[in-house]
Amino acid sequence: MKFLTFVMICFSVCSCDPRSSAIIVNNSQKDFRLKIQYDKESLEKVLKKDQIIPFLKNTIPYNQMVIRLDTINLISEIKVLPQDSIRVDSGRGFCPRFNEIKSITIYTDPIIELKSKKSMMESFKQNGNLFILEINSL
């Protein structure tokens with residue numbers, strides 16, 4: 001009986017919501033610079049002021065080269081190496097929402113600028129629970 005109670009508690013506490021991720025994949029033979037500007041108002045709705053800088057630092061994967069981290073304007077610039085990828089958004093639900101992101105700029109030739117949530121959603125193509133933006137040539 002105790003085991004059954006434990007299982008019932010686990011099911012009620014654990015969420016079965018699907019998760020999705022938005023990933024930029026560099027399929028080219030050259031590196032590129034990625035600039036993400038975060039939305040201050042959106043971040044302040046879900047984080048305390050003293051949590052914003054740690055959030056920015058945690059959005060950059062350990063294996064990525066940081067070019068610049070502007071904690072005043074909430075901008076991170078990252079060098080994405082050839083044949084590498086970077087997750088730019090993730091969360092619960094069937095698709096990324098880009099709630100905390102104001103704009104994404106990918107410095108390729110030509111430059112790719114995603115300045116609205118709609119343009120972000122349209123640029124990432126769904127593959128299961130992954131939404132992928134592939135950069136194939138520079």
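The analysis underlying the following values was restricted to heavy atoms, covering all of them including side chains, and did not include hydrogens, waters or symmetry mates.
- Considering Ile104, Ile36, Val80, Ile78 in turn, Ile104 is the only one that fulfils the side chain to side chain contact (heavy atoms under 4.5 Å, CB included) rule with Ile24.
- Formation of a donor-acceptor pair under 3.5 Å by the Thr71 side chain with backbone atoms of Ile53 is not found in this model.
- Considering only heavy atoms from C-beta on, Leu74 stays 4.5 Å or farther from Lys102 through its side chain.
- Separation of atoms CZ (Phe124) and CZ (Phe98) is listed at 4.5 Å; rounding is to 0.5 Å.
- When side chains are defined from C-beta on, Val88 does not count as touching Leu133, because their heavy atoms never get closer than 4.5 Å.
- In this structure the side chain of Ile135 reaches within 4.5 angstrom of the side chain of Ile112, judged on heavy atoms.
- Within the structure, salt bridge (charged side-chain N to carboxylate O under 4.0 Å, His left out) contacts touching residues 73-83 (residues at least two apart or in different chains) are Asp31-Lys79, Arg33-Glu77, Arg68-Glu77.
- A pairwise comparison of heavy atoms in Arg87 and Ser21 identifies CD-OG, 3.6 Å as the closest pair.
- Side chain to side chain, Asn136 and Asn27 meet the donor-acceptor criterion of an N or O pair below 3.5 Å.
- At least one side-chain heavy atom of Ile101 sits under 4.5 Å from a side-chain heavy atom of Tyr38.
- Judged purely by atom type and a 3.5 angstrom limit, Lys115 has no side-chain atom pairing as donor or acceptor with the backbone of Thr105.
- Inter-residue side-chain proximity for Gln37 and Asp70 is flagged as unmet; no heavy-atom pair is nearer than 4.5 Å.
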